[in-house]
S.K.: 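Please find one structure pasted underneath; my questions will follow.
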Amino acid sequence: MSTFQDRKVTGIVFNIQKYSVHDGPGIRTIVFTKGCPLSCRWCSNPESQMLKPQMAFNATRCIGTDKCHYCIPACPYQAIKAEGNALNIDCTHCNECESIACSKACPAGSIITYGQTRTVEDVLNAVAQDAIFYTRSGGGMTISGGEPLFQKDFALALLREARRRRIKTAIETCGCYEWERLEEAAPLLNYVLFDVKHTDSEKHKWATGVGNELILSNLKKLLETFPELPVQVRTPVIPGFNDDEETARSIGKLLKGYANVSFEALPYHRLGTQKYAFLGREYPMGEVSLPAGVAERVQAIVDEERGAK
Ligand code: SF4
Ligand code: SF4
């Protein structure tokens with residue numbers, strides 16, 4: 001594909017976050033794309049899971065139907081009704097709604113649109129604004145999600161255009177797709193953040209909705225086919241799911257012997273729980289928390305098992 005065609009490719013993006021220092025080397029801009037084959041119980045970006053733009057409602061910002069009711073006539077499905085001074089939104093139609101007209105009509109930011117169709121050119125123009133920081137820090141652009149390769153054509157066009165602009169690239173991936181997607185993306189990448197949630201497929205399926213065979217096979221192929229590409233395997237340490245010694249040792253064994261891999265244990269956090277409420281969903285993890293020191297213990301066991309210093 002020519003670079004001109006790449007710039008016109010569109011995809012659905014729900015956030016562009018600048019000055020990140022957690023998702024790859026140096027100072028980075030994170031492009032969050034929508035769509036994911038997994039639905040992890042602890043997902044801190046539930047708005048990323050569905051491929052299309054999505055409506056959400058923050059009732060605390062609504063100024064009340066006695067003062068404002070712009071959203072009500074804006075909805076083509078008559079899904080919004082006033083009930084006294086509050087709103088009753090019947091979300092059964094919202095998955096079909098392309099325009100999310102209620103959000104555009106709301107002056108208070110109470111009705112949120114998660115996701116916007118954007119061109120590669122538009123996204124890279126935003127990313128390139130911080131080019132000076134990337135040069136000084138060794139940073140660049142990280143595509144995250146959701147799963148970046150769920151919108152494969154968009155992700156590849158973003159990576160090619162970033163390369164054309166001499167911006168270093170990374171993806172944060174769940175690894176769950178046919179190998180050819182990663183095989184095509186890898187030569188365009190300077191760094192890969194690869195999530196491994198569990199080595200036991202049944203447990204993985206219980207927590208994420210899918211087994212892990214494809215994920216672990218893709219990780220192995222990535223490490224072996226592209227030995228020069230730095231890969232950081234990350235495990236979100238989830239209480240009662242993968243915070244035990246046996247699981248940590250099995251992850252360490254998986255990574256043993258590869259020179260191009262590093263590992264980071266990410267402590268479970270509860271950021272994003274509010275977004276479940278905005279989306280009218282229950283947070284699947286309930287009230288659990290991760291005791292202090294557990295993620296550090298997992299990190300130490302994995303490092304010991306894989307033979308890292
Ligand atoms: S997202 Fe669409 S269908 Fe749902 S309330 Fe808003 S305008 Fe109506
Ligand atoms: S337009 Fe916004 S502020 Fe006004 S009633 Fe609807 S949700 Fe509330």
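Just the heavy atoms: all of them, side chains too, but no hydrogens, waters or symmetry mates, feed the values below. Residue indices begin at 1 and follow the sequence shown. Start at 1 and go down the list; that is how both ligands and their atoms are numbered.
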S.K.: For Asn45 versus Gly145, what's the shortest heavy-atom pair and its separation?
M.R.: ND2-O, 3.5 Å
S.K.: Answer yes or no: is there a side-chain heavy-atom contact under 4.5 Å between Arg28 and Lys18?
M.R.: no
S.K.: Which atoms of ligand 2 are found less than 4.0 Å from any heavy atom of Cys106?
M.R.: 1 (S), 2 (Fe), 3 (S), 7 (S)
S.K.: Which of the numbered atoms in ligand 1 are below 4.0 angstrom from a heavy atom of Ile80?
M.R.: 5 (S)
S.K.: Atoms of ligand 1 less than 4.0 Å from Ala101 heavy atoms?
M.R.: 7 (S)
S.K.: Among all the protein's non-hydrogen atoms, which is closest to atom 6 (Fe) of ligand 1, and how far away is it?
M.R.: Cys102 SG, 2.3 Å
S.K.: Determine the sole option in Ile30, Ile171, Ile16, Leu124 for which the side-chain contact (heavy atoms from CB on, under 4.5 Å) test with Met141 is passed.
M.R.: Leu124
S.K.: Among all the protein's non-hydrogen atoms, which is closest to atom 2 (Fe) of ligand 1, and how far away is it?
M.R.: Cys97 SG, 2.3 Å
S.K.: Check each heavy atom of Cys71 against ligand 1 and say whether those closer than 4.0 Å belong to the side chain, the backbone, both or neither.
M.R.: neither
S.K.: Which heavy atom of His198 sits nearest a heavy atom of Lys203, and at what distance?
M.R.: NE2-CD, 3.6 Å
S.K.: Going by heavy atoms in the side chains, are Val302 and Phe263 under 4.5 Å from each other?
M.R.: yes
S.K.: Classify the ring geometry of Tyr276 against Tyr283: parallel below 30°, tilted from 30° to 60°, perpendicular beyond 60°.
M.R.: perpendicular
S.K.: What atoms of ligand 2 come within less than 4.0 Å of a heavy atom belonging to Leu87?
M.R.: 6 (Fe), 7 (S)
S.K.: Provide, to 0.1 Å, the distance between atom 8 (Fe) of ligand 2 and the closest protein heavy atom, together with that atom's residue and name.
M.R.: Cys62 SG, 2.4 Å
S.K.: Under 4.5 Å between any side-chain heavy atoms of Ser201 and Asn212, yes or no?
M.R.: yes
S.K.: Any carboxylate oxygen within less than 4.0 angstrom of a Lys/Arg side-chain nitrogen, looking at Arg234 and Asp23?
M.R.: yes
S.K.: Among all protein heavy atoms, pick out the one at the shortest distance from atom 4 (Fe) of ligand 1; state its residue, atom name and that distance to 0.1 Å.
M.R.: Cys94 SG, 2.3 Å
S.K.: Closer than 4.0 Å to some heavy atom of Met55 - which atoms of ligand 1 meet that?
M.R.: 1 (S), 5 (S)
S.K.: Could you walk me through whether Glu161 and Arg164 pass the salt bridge (charged side-chain N to carboxylate O under 4.0 Å, His left out) check?
M.R.: CA-CA 5 Å; Glu161 179 62 8; Arg164 193 187 69 81; 2.9 Å; yes
S.K.: Does this structure show an ion pair linking Glu245 with Arg297, if we count only N-O contacts that are shorter than 4.0 Å?
M.R.: no
S.K.: Among all protein heavy atoms, pick the one closest to atom 5 (S) of ligand 2 and tell me residue, atom and distance.
M.R.: Cys68 O, 3.3 Å
S.K.: If you measure from each heavy atom of Ser103 to ligand 1, is any distance below 4.0 Å?
M.R.: no
S.K.: If you count the atoms of ligand 2 from 1 in the order shown, which ones are under 4.0 Å from a heavy atom of Pro107?
M.R.: 1 (S)
S.K.: Under a 4.0 angstrom heavy-atom cut-off, which atoms of ligand 2 come close to Ile111?
M.R.: 7 (S)
S.K.: Using a strict 4.0 Å cut-off to heavy atoms of Pro76, name the atoms of ligand 1 that fall inside it.
M.R.: 7 (S)
S.K.: Can you name the atoms of ligand 2, numbered from 1 with element, that are less than 4.0 Å from a heavy atom of Ala108?
M.R.: 3 (S)
S.K.: Is there a donor in the side chain of Thr208 and an acceptor in the side chain of His204, or the other way round, less than 3.5 Å apart?
M.R.: yes
S.K.: Going by the atom numbers of ligand 2, which of them fall below 4.0 Å from some non-hydrogen atom of Ile63?
M.R.: 3 (S)
S.K.: Pull out every atom of ligand 2 sitting under 4.0 Å from any heavy atom of Ser110, numbered as shown with elements.
M.R.: 7 (S)
S.K.: Among all protein non-hydrogen atoms, which one is nearest to atom 3 (S) of ligand 1, and what is the separation to 0.1 Å?
M.R.: Tyr77 CD1, 3.4 Å
